[in-house]
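Sequence lines set the chain letters: A, B, ... in the order given, protein chains first and strands last, and positions in each chain run from 1.
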Amino acid sequence: MPEDTTTTTATAETEATGSDFITRAIEEDLKTGRYDRVHTRFPPEPNGYLHIGHAKAIYIDYGMAVAFGGKFNLRFDDTNPAKEEQEYIDGIIKDIAWLGADWEDRLFFASDYFEQLYEWAVQLIKAGKAYVDHLSADEIREHRGTLTEPGRNSPYRDRPVEENLDLFERMKNGEFAEGECVLRAKIDMAAPNINLRDPVMYRILHDEHPRTGDQWCIYPMYDWAHGQSDSIEGITHSLCTLEYEHHRPLYDWFIEQLGVYAPRQIEFAPFILSYTVLSKRRLIKLVNEGHVSGWDDPRMPTLAGMRRRGYTPEAIHTLMDLVGVSKANSVVDIALLEHCIRQDLNKRAERRMAVLRPLRVVIENYPEGQVEEVEAVNNPEDESAGMRKVPFSRVLYIEQEDFMENPPKKFYRLAPGREVRLRYGYFITCTGVVKDAQGNIVELRCTYDPETRGGYAPDGRKVKATLHWVSAAHAVQAEVREYDYLFTHEDPNVLQEGENFMKYLNPNSLQVVKPCYVEPSLAGAEPGSRYQFERLGYYCVDPDSSRDRPVFNRTATLRDTWAKVQQAQ
RNA sequence: UGGGGAGUCGCCAAGUGGUCAAGGCACGGGUCUUUGGAACCUGUAUACGUAGGUUCGAAUCCUACCUCCCCAGCCA
């Protein structure tokens, strides 16, 4: 009984990961026989780039299909040519593929169904369930009523079927200007649910459509296209966010009037992240006004931006697993996102040494001109990553913040007279500080202990700190871009009258650091490759890199307990 | 004031009448350490919106109330 086996497996898997209300609803539908299979879809509108919030929807849609051995479609809801562009279609496809959701050969467009939708509209008109309205947009709004008052019928509401048919045909044939008339469903202008007050089904748009060109000048509204598109594709579970909850009665109404196959819509809470904005309108504003370099700016919560920043699909997936699925309004702490990427990259990113804010160190007793190749572990979390050689010589760079002339209590890095270890190198002791005319520290004089090669003291003596370093003569110059949250407030929506979210834009969200010195193995690093710079954080090679001048985006810092100690002091 | 949703620790989130108050993040201690990373151990004696009620027993059932979110595009 292969079928039973499949069902059992799917159930076991979903139970193993903890079941959410959607999983339970689907299990119920399968058990009662409402559906005998699972088929979901992700329905983006190609009017912008996908962001981390969409990733949640994709993981739920695709994840449910996988969990139940079902299918998953990608369908663009391209019903508004005024706002949609091919660039966005391409970008969205790339992002979803990157996330790992697989729609196989089922890439669809709502525009594929324009003809069918048109026929169905005619069917509704014939049934006396739709009419052409000549009220202006303003008048329609006026007639709609308010949240507490019922609306009023349009004077055109009871036109004879024949007249509606004729008018609708002429709408399709381009005989009317934009805004002159619309097709409306005839439901109930007094319905408490405003979506049922004779919603517009078609409006006239003399716009070139990315896919259908100038074939149509009437375009279906989302509410008219969406449910039927799901129906056409045989979707069993139309999973969407909470905001569509009160559209469900309308979708059900259309399906019922048409007498076609009915999917089941289930709504879940949207994904919201602290310290960021996710509304398309706002993201577009950030891009258009130049507050970021583009949709893929590494500070952006877009998938394109996060990819460039160095985030992995796996980390995003883990985040969604941890966040879970519910109907409660919630804001996810951005610290959880950071935790996910650190956890992932800790396991897989190779380590390298990079000095971002260099301080020159001369090892006085190290022979001039001598160069040694020391062995360094590529990834202590993954033995198979192997080893590499790093050149060591008399003049090195260390991090400025790894030295203090007058160290406070818990600072145990380098200081005058103190001995520390250079990772994989030697123990060194600071013997002198060289300053410029302004009193700035420009160079450290040190001695090394030749007995400590590799970083071990044969006499067993300990040092409290291990520093990363780079040989000055061998270092590759690099640029590092450090990012902070784009907003200074955890909820950029907390605004007074007349303010807007730009109030919280973080002026220091990008800091370019250069020249930095990185170990020679990083020359020519491939854009997109990720590394952990020891003791600093995770970095991803930016496409702006050139062979002799790599550019790194800081994906995330390492957890920094010293920073906390400092803050506490 | 119409309709639709939601309220469990600082943030997510399990729990669906009987070891009930999971788990993760964050935060605090500690062990270990050639990354002040990672890993490991450990802590946060009143976290179940409020008030009643049903019951031997309620976060879980009932009633009322409170708070928050969404809806009045020819956007999706």
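Side-chain contact between A:Leu167 and A:Cys181 is absent, with no heavy-atom pair separated by less than 4.5 Å.
For the P atoms, the distance linking B:A22 with B:G53 amounts to 28 Å, nearest Å. Here, B:G43 and B:C61 have their P atoms 32 Å apart, quoted to the whole Å. Between B:G28 and B:U67, the two P atoms lie 36 Å apart (nearest whole Å). Spacing between B:C9 and B:A45 at atom C1', rounded to whole Å, works out to 14 Å. Distance noted for atom P between B:A76 and B:G7: 31 Å (whole Å). Between B:U60 and B:G52, the distance separating the two P atoms is 14 Å to the nearest Å. For the P atoms, the distance from B:C65 to B:A58 is 24 Å, rounded to whole Å. A distance of about 27 Å separates the C1' atoms of B:U46 and B:C41, rounded to the whole Å.
The list of salt bridge (Lys or Arg N to Asp or Glu O under 4.0 Å) pairs with a residue in residues 335-346 of chain A, not counting sequence neighbours, reads A:Asp344-A:Arg348.
If you find the closest nucleotide of RNA chain B to A:Lys327 and to A:Gln532, the one lying nearer the 5' end belongs to A:Lys327. Along RNA chain B, the nucleotide nearest A:Pro192 and the nucleotide nearest A:Leu558 are compared for position; the residue whose nucleotide lies closer to the 5' end is A:Pro192.
Among the atoms of the strands shown, base atoms are found under 4.0 Å from some heavy atom of A:Ala137. Within the 4.0 angstrom heavy-atom criterion, base atoms lie near A:Val182. Among the heavy atoms of the strands, none lies under 4.0 Å from A:Phe533. The residue A:Arg248 sits apart from the nucleic acid: no heavy atom pair falls under 4.0 Å. At the heavy-atom level, A:Phe271 lies nowhere under 4.0 Å from the strands shown. Contacts of A:Glu381 with the nucleic acid, taken as non-hydrogen atoms under 4.0 Å apart, include base atoms. The residue A:Asn329 sits close to a base: some heavy atom pair falls under 4.0 Å. Counting non-hydrogen atoms under 4.0 angstrom, A:Gly179 reaches a base of the nucleic acid.
In terms of the ring-ring contact (aromatic ring centres under 6.0 Å, His included) criterion, A:Tyr311 has no residue partners (sequence neighbours excluded).
In RNA chain B, consecutive stretches of 3 or more Watson-Crick or G-U wobble pairs with both distances under 3.5 Å are given as paired ranges: B:2-7 with B:66-71, B:10-12 with B:23-25, B:27-31 with B:39-43, B:49-53 with B:61-65.
In summary, A:Asp230 and A:Arg75 engage in a salt bridge, as defined by a charged side-chain N under 4.0 Å from a carboxylate O. A salt bridge links A:Glu267 with A:Arg248; the closest basic N to acidic carboxylate O contact falls under 4.0 Å.
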Show me, pair by pair, the donor-acceptor contacts under 3.5 angstrom made by side chains of residues 277-285 of chain A, not counting sequence neighbours?
| residue | atom | partner | partner atom | Å |
| --- | --- | --- | --- | --- |
| A:Ser279 | OG | A:Arg282 | N | 3.2 |
| A:Lys280 | NZ | A:Asn47 | OD1 | 2.6 |
| A:Arg282 | NH1 | A:Asn493 | OD1 | 2.3 |
| A:Lys285 | NZ | A:Glu289 | OE2 | 2.8 |

Please set out all donor-acceptor pairs under 3.5 angstrom arising from side-chain atoms of residues 322-337 of chain A, sequence neighbours excluded.
| residue | atom | partner | partner atom | Å |
| --- | --- | --- | --- | --- |
| A:Ser326 | OG | A:Ala328 | N | 3.2 |
| A:Lys327 | NZ | A:Glu245 | OE2 | 2.6 |
| A:Asp333 | OD1 | A:Ala335 | N | 2.9 |

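Between A:Thr79 and the phosphate of B:C75, there is no side-chain N or O to OP1/OP2 separation shorter than 4.0 Å. For A:Arg144, a side-chain nitrogen or oxygen approaches OP1 or OP2 of B:G73 to under 4.0 Å. Taking 4.0 angstrom as the limit, A:Arg203 places a side-chain polar atom (N or O) nearer than this to OP1 or OP2 of B:A76. Between A:Ser330 and B:A13 there is a side-chain N or O to OP1 or OP2 distance below 4.0 Å. At least one side-chain nitrogen or oxygen of A:Arg141 sits closer than 4.0 Å to the OP1 or OP2 atom of B:G73.
Looking only at atom types and distance, the side chain of A:Thr318 has no donor-acceptor partner in the side chain of A:Asp321 under 3.5 Å away.
For the pair A:Ile284 CD1 and B:C75 C1', the computed distance is 11 Å after rounding to whole Å. The distance between atom OH of A:Tyr275 and atom P of B:C12, rounded to the nearest whole Å, is 14 Å.
Under the side chain to side chain contact (heavy atoms under 4.5 Å, CB included) test applied with A:Met306, the options A:Ile52, A:Thr555, A:Thr312 reduce to a single match, A:Ile52. Tested against A:His468 for a side chain to side chain donor-acceptor pair (under 3.5 Å), the candidates A:Arg351, A:Arg352, A:Glu399 yield a single pass: A:Glu399.
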Footprint string (nucleotides 20-33 of chain B, 5' to 3'): B base within contact, S backbone only, - free, heavy atoms under 4.0 Å: ----SSSS------
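Seen from the ring of A:Phe271, A:Lys56 does not count as a face-on cation partner, given the 6.0 Å and 45° thresholds.
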